[in-house]
Amino acid sequence: MGGRIDWRKLYAEAEKLLASLGVHLELKQKTRNLSIAQQQMVEIARAFSINARILIMDEPTSSLTLNEVDDLFRLVRRLRDGGTAIVFISHRLEELFELADRVTVLRDGAYVDTRLVKDVTRDDLIRMMVGRTITNMFPKQDVKPGKVVLKVDCLSCDGVFKDISFELHEGEILGLAGLVGAGRTNVARAIFGTEPPTSGEIQLDGKVIHITSPRQAIALGLAYVPEDRQLHGLIPPMNITANISLTRAAGICAARLACRIKWSVRLRSTPPSKWKCAPPASGKRRVSFRAATSKKLFMAKWLSTKPRILILDEPTRGIDVGTQAAVHALMSKLVSEGMAILMISSELPEVLGMSDRVIVMHEGSMTAHFNRVPRLHKKKYSLPQHKP
């Protein structure tokens with residue numbers, strides 16, 4: 001009334017809406033200070049606030065915990081029962097079978113088919129999405145681990161995580177599992193030098209090192225593919241070639257012009273041979289590529305540094321099953337060549353299917369550490385006893 005805002009009512013309604021989603025946040029804090037999962041829940045709450053007749057949800061669960069997903073699905077069903085039409089876009093097939101009534105498949109920007117969910121299987125959907133049958137989503141090779149290349153001892157960051165200790169071997173994939181917000185990403189950023197720890201020790205090849213910047217980490221043979229690639233991984237105004245070459249910028253700038261031109265051409269020709277995707281034109285912007293292609297080019301950026309240790313944070317988040325299989329196959333190939341990989345993932349099948357060993361984190365602390373059971377042994381995974 002009269003240009004005034006009833007802030008008390010506004011905050012009350014916002015709090016009530018978030019509470020209905022099972023989210024409890026300080027309403028006056030800036031959204032830039034929230035985690036990706038919390039930001040996503042705020043976006044979902046905003047969409048629910050307008051009581052829309054048609055609601056389009058694009059990958060709404062990509063950064064949510066299992067409990068948050070359950071709360072979201074409960075609200076989606078309530079909206080559906082109330083007459084709201086919902087378009088639910090997801091790469092997670094299990095979500096489609098749990099929530100959807102009908103499913104439409106697109107491939108390379110073209111319509112493929114629409115089916116009733118009750119009339120299709122998971123293999124049918126994968127075949128329609130990819131255009132072929134994928135027999136093995138987790139092509140993990142059994143590689144004998146080599147020497148210890150990275151050792152983390154009692155690494156801590158005040159208020160974020162504490163007493164994290166593990167060893168990473170050559171030819172090994174070490175999975176770092178846990179719910180969103182457990183502190184896994186913070187550990188990776190501490191190792192890479194973007195969030196220096198407050199205490200603890202990091203050793204590389206048995207020598208204590210103090211990494212204080214990504215530049216130093218790259219020089220030591222580390223590479224880090226972050227979870228939020230839009231915010232921390234890419235520079236949208238720059239073209240594809242420039243983005244890929246960022247990790248080698250110092251070497252390129254120090255060379256002659258002819259060498260820079262040659263390097264640029266070689267970068268543009270790398271993606272097709274390694275990933276089977278169309279090469280980007282020198283002026284092509286990243287935003288014009290689909291998510292799967294951007295993912296491939298982004299990983300090509302880091303692999304161009306020829307790292308010894310590769311840190312992957314949610315490597316298959318938000319991509320289709322075909323690209324997921326390609327990423328898993330590449331990971332298996334890299335470790336067979338001696339690379340060490342630290343993989344952070346919220347997808348339990350991915351953790352169990354690709355890891356040689358798994359560390360579990362909860363609220364900033366390690367709660368379990370166990371080895372992978374080889375597939376040829378028909379045994380279930382078992383967790384060791386640990387402190388509650």
Applying ring pair (Phe, Tyr, Trp, His ring centres under 6.0 Å), can you list everything that pairs with His169, at least two apart in sequence or on another chain?
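Per chain and number, His169 pairs via ring pair (Phe, Tyr, Trp, His ring centres under 6.0 Å) with no residue.
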
Over 12 foreign heavy atoms within 6.0 Å of [atom1], [X]:
X     : atom1 : value
Arg77 : CZ    : yes
Glu15 : CD    : no
Ile54 : CD1   : no

Heavy-atom closest pair, residues [X] and [Y]:
X      : Y      : result
Phe161 : Ala190 : CZ-CB, 3.8 Å
Val143 : Ser336 : CG2-CA, 3.9 Å
Thr212 : Pro196 : O-CG, 4.4 Å

So, Glu195 versus Asn186: side-chain donor-acceptor pair below 3.5 Å or not?
yes

Ion pair [X]/[Y], N-O distance below 4.0 Å:
X      : Y      : result
Asp153 : Lys151 : no
Asp313 : Arg184 : no
Arg127 : Asp124 : yes

Would you say [X] and [Y] are hydrophobically clustered, going by side-chain heavy atoms of ILVMFWY under 4.5 Å?
X      : Y      : answer
Leu10  : Ile50  : no
Leu18  : Trp7   : yes
Val148 : Val152 : no
Val120 : Ile89  : no
Val117 : Leu99  : yes

Mind checking side chain to side chain contact (heavy atoms under 4.5 Å, CB included) for Leu17 and listing every partner two or more places apart, or none if nothing turns up?
Ser20, Ala45, Phe48, Ser49

Member of His91, Glu347, Gln324, Glu350 meeting the side-chain hydrogen bond (donor to acceptor under 3.5 Å, both in side chains) criterion with Thr316
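It is Glu350, the one option of His91, Glu347, Gln324, Glu350 that forms the side-chain hydrogen bond (donor to acceptor under 3.5 Å, both in side chains) with Thr316.
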
